[in-house]
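These notes are about the structure you will find just below.
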Amino acid sequence: MDILMEFISTYGLGWITLFAVIGIVLLGIMKYCNLFKKIAEGSRHYIYLAISIGFSVVATLIYLLIAGQFTWVMFIGVVVAVFALNQTFYNIFKVTPVNRLFAKILDFLKALYEKHEENKVIETEKPPENE
């Protein structure tokens with residue numbers, strides 16, 4: 001616990017929070033895109049859990065190696081902190097209107113992309129004007 005407190009005092013809770021929020025955003029995008037729609041809904045929760053744990057581990061590993069602070073005790077402490085924040089923020093995200101806001105933003109971005117792709121198809125189908 002002392003090592004985790006040392007990490008937070010040195011590098012700030014902001015990094016841990018950022019890792020957790022990025023994990024939620026990535027998982028939310030995966031859910032929005034229905035990447036796991038062919039898997040039974042009960043099984044999807046285990047996949048989402050595994051993705052959250054995996055992201056927490058990878059993000060912590062990369063950060064601690066870059067910061068030059070890697071020790072196994074520090075690694076385990078920060079992974080647990082990132083994962084705990086990830087799960088907390090995910091539950092807040094799930095039960096508040098924030099999830100609908102992000103869905104609307106993603107719908108808007110998807111519509112822009114589809115319109116752009118549609119315009120590219122129309123542009124390639126036009127005959128040259130010089131002929």
Side-chain angles (χ1 to χ4, degrees):
M1 190 64 162
D2 291 334
I3 293 176
L4 180 60
M5 297 312 285
E6 175 188 330
F7 178 85
I8 292 172
S9 67
T10 304
Y11 297 102
L13 187 59
W15 286 106
I16 294 173
T17 305
L18 180 65
F19 294 153
V21 170
I22 289 172
I24 293 167
V25 168
L26 292 175
L27 193 58
I29 290 171
M30 287 180 195
K31 281 184 166 187
Y32 177 82
C33 295
N34 293 318
L35 291 181
F36 306 109
K37 67 182 174 187
K38 294 182 180 180
I39 299 171
E41 187 163 344
S43 300
R44 283 186 230 163
H45 296 293
Y46 296 111
I47 292 172
Y48 299 146
L49 179 65
I51 290 170
S52 293
I53 292 169
F55 180 78
S56 299
V57 167
V58 170
T60 300
L61 181 64
I62 291 170
Y63 181 73
L64 289 177
L65 288 174
I66 289 172
Q69 293 288 317
F70 185 84
T71 64
W72 283 107
V73 175
M74 178 80 79
F75 176 72
I76 292 169
V78 176
V79 165
V80 169
V82 169
F83 180 71
L85 278 172
N86 179 290
Q87 293 304 295
T88 302
F89 290 146
Y90 175 74
N91 286 317
I92 291 169
F93 177 80
K94 191 173 181 178
V95 299
T96 62
V98 174
N99 62 349
R100 288 190 296 273
L101 172 65
F102 279 102
K104 287 184 184 215
I105 291 170
L106 289 173
D107 286 340
F108 175 73
L109 293 173
K110 182 179 173 184
L112 282 178
Y113 175 77
E114 288 172 350
K115 184 177 179 182
H116 175 72
E117 289 299 310
E118 184 179 295
N119 287 341
K120 281 178 38 178
V121 168
I122 291 172
E123 290 288 325
T124 57
E125 292 177 353
K126 284 184 182 178
E129 293 182 18
N130 294 343
E131 294 180 13

* Kindly indicate, with the supporting measurements, whether the criterion side chain to side chain contact (heavy atoms under 4.5 Å, CB included) is fulfilled by Ile51 and Phe36. => CA-CA 12 Å; Ile51 290 170; Phe36 306 109; 3.6 Å; yes
About how many Å separate [atom2] of [Y] and [atom1] of [X], when rounded to the nearest 0.5 Å?
| X | Y | atom1 | atom2 | value |
| --- | --- | --- | --- | --- |
| Arg44 | Leu35 | CZ | CG | 11.0 Å |
| Thr60 | Ile76 | OG1 | CD1 | 11.0 Å |
| Leu112 | Asp107 | CG | CG | 11.0 Å |
| Leu85 | Leu18 | CG | CG | 11.5 Å |
| Leu101 | Leu106 | CG | CG | 9.5 Å |
| Tyr32 | Asn34 | OH | CG | 9.0 Å |

* Asked: Is a side-chain donor or acceptor of Tyr90 paired with a backbone partner of Ala20 at a separation under 3.5 angstrom?
  -> no
* **Donor-acceptor under 3.5 Å (Asn86 side chain, Val82 main chain)** => no
Does [X] reach the side chain of [Y], with side-chain heavy atoms less than 4.5 Å apart?
| X | Y | value |
| --- | --- | --- |
| Leu61 | Phe70 | yes |
| Phe75 | Val79 | yes |
| Phe19 | Ser56 | no |
| Tyr48 | Met30 | no |

Hydrophobic clusters here meaning ILVMFWY residues chained together by side-chain heavy-atom distances under 4.5 Å, can you tell me if [X] and [Y] are in one?
| X | Y | value |
| --- | --- | --- |
| Val58 | Val21 | no |
| Trp72 | Val57 | yes |
| Ile62 | Met74 | no |
| Phe89 | Leu49 | yes |

* To do: Answer with yes or no after comparing the ring centroid distance for Phe93 and Phe102 against a 6.0 Å cut-off, counting only values under it.
  => yes
* For Ile24 and Phe55, what are the C-alpha separation, side-chain angles and deciding distance, and is it a side chain to side chain contact (heavy atoms under 4.5 Å, CB included)? -> CA-CA 10 Å; Ile24 293 167; Phe55 180 78; over 6 Å; no
* Counting only heavy atoms not in Glu41, do more than 12 fall under 6.0 Å of its CD? -> no
